[in-house]
There are 2 protein chains.
Amino acid sequence: MDDRKQLILRAIIREYIGKVEPVSSKNITGRYGLDVSSATVRNEMSCLERMGYIEQPHTSAGRIPSEMGYRYYVDYLMEKYRLAIREKQAIENRLDERVDKLESLLQKAGEILSELTNYPSIVSEPTMTQKRYRHFKLVEINDTMALLVIVLDDSSIKNYQINLVGRLKEEDYKTISNILNDRLAGQDISGINSGMLPDWGYQSLNDKLVMEDILRALANVVDQDNVHNIHISGTLNIFNQPEFKDIEKVRGLLNFFEQQKSLQKLVESGREGISYRIGEEVPLDNLEGLSVITSTYCVNGKPVGTIGVIGPTRMDYSKSSTLLEKISENLGISLIRLMK
Amino acid sequence: MDDRKQLILRAIIREYIGKVEPVSSKNITGRYGLDVSSATVRNEMSCLERMGYIEQPHTSAGRIPSEMGYRYYVDYLMEKYRLAIREKQAIENRLDERVDKLESLLQKAGEILSELTNYPSIVSEPTMTQKRYRHFKLVEINDTMALLVIVLDDSSIKNYQINLVGRLKEEDYKTISNILNDRLAGQDISGINSGMLPDWGYQSLNDKLVMEDILRALANVVDQDNVHNIHISGTLNIFNQPEFKDIEKVRGLLNFFEQQKSLQKLVESGREGISYRIGEEVPLDNLEGLSVITSTYCVNGKPVGTIGVIGPTRMDYSKSSTLLEKISENLGISLIRLMK
DNA sequence: TTTAGCACTCAATCGTTTTGAGTGCTAAAA
DNA sequence: TTTTAGCACTCAAAACGATTGAGTGCTAAA
């Protein structure tokens with residue numbers, strides 16, 4: 001692939017991304033640094049087609065990039081997109097606003113990403129590995145109910161209602177809190193899971209019942225922690241994409257967006273850092289003509305989650321990936337602040 | 001409007017609801033108890049059209065019901081739909097399953113409604129009026145943070161993290177809990193709202209700061225309580241409706257579904273009990289050809305929220321309203337159980 | 001190696017014709 | 001007075017055919 005062919009391939013892709021119409025030889029001559037006649041371009045095009053980088057919808061039409069063409073573009077030809085000042089500011093402002101809940105932060109990140117790219121976006125909840133218990137406190141509420149307060153080492157507080165089988169005396173609350181603190185403080189939360197509750201040997205049946213209720217609540221912490229919901233925003237942006245004029249295509253994609261499992265698969269199969277998956281490379285049968293760009297976001301240098309955009313194969317890879325980089329970076333920063 | 005006209009109008013509507021194609025005179029003769037020739041039916045139809053109950057898309061087409069026609073049908077002609085056993089069971093089973101969270105329950109109600117009707121559904125969160133504080137407890141977490149536990153008279157427990165400005169001694173926690181219990185237990189929660197925090201006269205600046213943080217948390221209880229989110233499910237069902245072949249229509253409706261405000265308006269404007277709003281009667285500009293059936297659901301005989309379906313004007317009013325009645329009744333029952 | 005020129009292709013557009021479902025009206029039958 | 005058979009009429013939708021024009025591939029000269 002010589003220089004001029006590269007120039008032409010890039011021109012075709014840029015043009016097609018913008019107009020979403022087959023690109024003719026005449027269209028790109030005199031631009032994109034191509035000071036040759038359309039006939040010359042046609043010869044090159046014919047060659048590029050034989051090489052598999054572009055294709056022709058029908059004989060008398062222009063060319064459109066093939067998936068292989070996009071891949072080559074992303075790997076070798078793509079120029080860096082310069083963020084507009086207002087884009088940069090929008091990202092920083094929006095992700096800097098004080099938010100109290102993790103969900104809201106992820107939601108916001110997804111929204112701004114969708115807004116700026118015009119594509120639907122997905123954000124996976126962060127996997128915070130290695131959380132430990134720091135402190136326990138069982139609080140009296142009334143005769144039949146207590147509240148278990150758990151502080152984790154990232155300072156987050158969780159609490160669970162415990163229905164009491166028998167009545168507890170005031171000192172019992174302290175005793176139980178102490179037992180929990182002695183046994184579990186500093187331990188990894190995955191130690192207690194619903195698969196197998198430990199047997200600590202109890203003095204009475206009542207002790208056993210109460211403590212097992214509590215342990216079940218602790219198991220809940222882990223279980224809930226392992227459900228990594230995936231948020232999706234800007235789904236209606238697909239209506240802005242000319243390739244989604246067909247109602248069945250829209251339906252298929254929107255339907256896909258409602259399936260947590262498929263989204264999960266999509267997110268989990270992405271590589272660390274920025275990952276481009278183009279057309280067939282997207283690990284989803286029954287959805288064609290789509291590309292996915294994902295980026296992992298990091299806390300303290302470690303990737304903990306994924307954020308990405310979904311668009312037609314002819315999406316604006318350059319702009320999207322730059323925005324994605326910036327947003328995932330800022331998301332990481334906000335996340336650290338949120339957890340402090 | 002004589003008997004035969006009613007018979008014919010009902011026949012046209014039933015037929016149109018099923019086939020979604022203009023109904024011809026020949027089509028309904030010999031059925032629906034119409035033992036007359038098509039010519040006779042034609043005469044009657046022509047009359048019904050002059051009266052405004054049906055209309056003709058173009059000269060050589062059959063008739064379709066007008067909005068006025070649907071209104072007449074709903075008010076006078078509609079026959080009661082008999083629930084299939086599997087429908088009844090599906091509703092009872094699904095709403096009987098133990099759920100712990102209010103949101104999940106509403107979600108479920110919406111889902112089953114959408115599933116059985118094939119239309120999108122909306123469910124508003126219940127307005128629980130007149131909640132009172134029952135009990136307070138301020139719990140020590142660490143030097144910089146405390147947890148405020150609030151028990152309401154419906155036994156629900158809420159809790160808020162309080163960031164401490166200064167350090168508190170162990171007895172302070174008890175003192176503050178006591179003050180709150182003395183002053184507020186038994187009071188209506190709307191007494192403390194973010195509009196105006198009470199000034200209780202404090203001994204020191206620190207006391208003041210701590211207590212005001214707490215009061216702000218209490219105000220939150222009310223504020224959060226006043227946000228009545230509206231859940232929507234089964235949105236993709238609109239793809240099953242032949243009137244939504246047009247992409248722009250789909251887009252408009254899906255877009256509408258994302259606007260909490262509009263949904264709120266829709267829910268709040270419904271009357272108590274079952275309410276049918278047909279076409280123009282729906283209080284939403286820029287959305288045409290839609291009908292909405294809503295039903296209030298009750299706790300202890302009092303309507304506390306709304307559940308409903310949204311469909312094309314030619315929706316199956318009979319089936320939908322019967323399902324809606326049944327589901328809203330069961331939702332009320334489950335709700336009472338959930339709060340106990 | 002490049003390019004002007006020309007024949008060729010084919011989707012898309014436009015206009016015309018055909019088709020058939022369904023009506024309205026009329027005049028005879030009930 | 002009401003019902004109905006019969007027939008002319010209407011019009012959207014389908015089928016067909018002709019036209020257009022953007023864009024190509026190829027060839028022969030620059």
Side-chain angles (χ1 to χ4, degrees), chain A residues 1-9 11-16 18-66 69 242-243 245-246 314, chain B residues 1-9 11-16 18-66 69 242-243 245-246 314:
Chain A
M1 165 105 66
D2 59 43
D3 279 5
R4 197 168 60 190
K5 284 196 186 59
Q6 293 200 343
L7 226 52
I8 290 175
L9 179 56
I12 291 174
I13 291 183
R14 278 216 234 170
E15 199 64 20
Y16 188 68
K19 299 256 177 53
V20 204
E21 269 166 20
V23 182
S24 73
S25 53
K26 202 172 162 194
N27 195 328
I28 52 172
T29 51
R31 313 161 59 198
Y32 300 101
L34 285 169
D35 290 323
V36 287
S37 77
S38 67
T40 310
V41 173
R42 268 202 298 285
N43 287 332
E44 297 283 38
M45 276 177 160
S46 152
C47 185
L48 278 169
E49 183 169 5
R50 253 173 288 125
M51 294 164 80
Y53 293 110
I54 56 179
E55 36 197 46
Q56 214 174 5
H58 59 266
T59 324
S60 66
R63 302 305 210 292
I64 61 176
S66 68
E243 28 274 281
K245 280 171 303 184
D246 176 30
R314 72 105 248 284
Chain B
M1 163 106 65
D2 60 42
D3 279 7
R4 196 168 60 191
K5 285 196 186 60
Q6 292 199 345
L7 226 53
I8 291 175
L9 179 56
I12 291 173
I13 292 182
R14 277 215 233 168
E15 198 65 19
Y16 189 68
K19 300 256 179 54
V20 206
E21 270 168 19
V23 181
S24 73
S25 53
K26 202 173 163 194
N27 194 329
I28 53 173
T29 49
R31 313 161 59 198
Y32 299 103
L34 285 170
D35 289 324
V36 287
S37 78
S38 67
T40 310
V41 173
R42 266 201 301 285
N43 288 331
E44 297 283 40
M45 276 178 159
S46 150
C47 186
L48 279 169
E49 182 168 6
R50 254 173 288 124
M51 295 163 79
Y53 294 109
I54 56 179
E55 36 198 43
Q56 213 174 6
H58 60 266
T59 322
S60 66
R63 303 305 210 293
I64 62 176
S66 67
E243 27 275 281
K245 281 170 303 185
D246 176 29
R314 71 106 247 287

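In this text, all values refer to a predicted model and were calculated from it rather than measured experimentally. In what follows, chains carry the letters A, B, and so on, assigned in the order in which the sequence lines appear, proteins first and then strands, with residues in each chain numbered from 1.
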Separation of atom CG in L48(A) from atom C1' in dT24(D), rounded to whole Å = 15 Å
Taking only N and O in the side chain of T40(A), is any of them less than 4.0 Å away from OP1 or OP2 of dT3(C)?
-> yes
Round to the nearest Å and state the distance from M45(B) atom CE to dA21(C) atom P.
-> 16 Å
Under 4.0 Å between a side-chain N/O of R4(A) and OP1 or OP2 of dT2(C), yes or no?
-> yes
Mind calculating the distance between CD (E44(B)) and P (dT4(D)) to the nearest angstrom?
-> 11 Å
Over 12 non-hydrogen atoms of neighbours within 6.0 angstrom of NZ in K5(B) = yes
Presence of R42(B) side-chain N/O under 4.0 Å of dA21(C) phosphate oxygens OP1/OP2 | no
Tell me: CD of Q56(A) to P of dA22(D), nearest whole Å?
-> 17 Å
Would you say a side-chain N or O of S24(B) is under 4.0 Å from OP1 or OP2 of dA21(C)?
-> no
Using the side chain to side chain contact (heavy atoms under 4.5 Å, CB included) rule, pick out the option among L48(B), L7(B), I28(B) that qualifies with V41(B).
-> I28(B)
With respect to the side chain of S37(A), which nucleotide from dT3(C), dG25(D), dA5(D) is positioned closest?
-> dT3(C)
S25(A) vs dT24(D): side-chain N/O to OP1/OP2 distance below 4.0 Å | yes
Quick one: is R63(A) getting a side-chain N or O under 4.0 Å of the dG25(D) phosphate, OP1 or OP2?
-> yes
Rounded to whole Å, NZ of K5(A) lies from C1' of dT1(C) at a distance of 12 Å
Write down the partner of dC9(D) under the Watson-Crick or G-U wobble criteria, each distance required to be under 3.5 Å.
-> dG22(C)
Hunt down the Watson-Crick or G-U wobble partner of dT3(C), both distances under 3.5 Å, from any strand shown, or write none.
-> dA28(D)
Take atom NE2 of H58(B) and atom P of dG24(C), then tell me their distance rounded to the nearest Å.
-> 12 Å
Start at the 5' end of DNA chain C and walk down; is the nucleotide closest to N43(B) or to G62(B) reached first?
-> G62(B)
Using a cut-off of less than 4.0 Å, is there contact between a side-chain N or O of S60(A) and OP1 or OP2 of dG23(D)?
-> no
Please report, rounded to the nearest Å, how far the P atom of dG23(D) is from the CD1 atom of I64(A).
-> 14 Å
Do R50(B) and S46(B) have side-chain atoms, one donor and one acceptor, less than 3.5 Å apart?
-> yes
To the nearest Å, how far apart are L34(B) CG and dT2(D) P?
-> 18 Å
Side chains of R4(A) and V36(A): does their closest heavy-atom pair fall under 4.5 Å?
-> yes
Check K26(B), R63(B), R31(B) against E15(B) for a salt bridge (charged side-chain N to carboxylate O under 4.0 Å, His left out) and give me the one that passes.
-> R31(B)
Can a side chain N or O of T59(A) be found less than 4.0 Å away from OP1 or OP2 on dC8(C)?
-> no
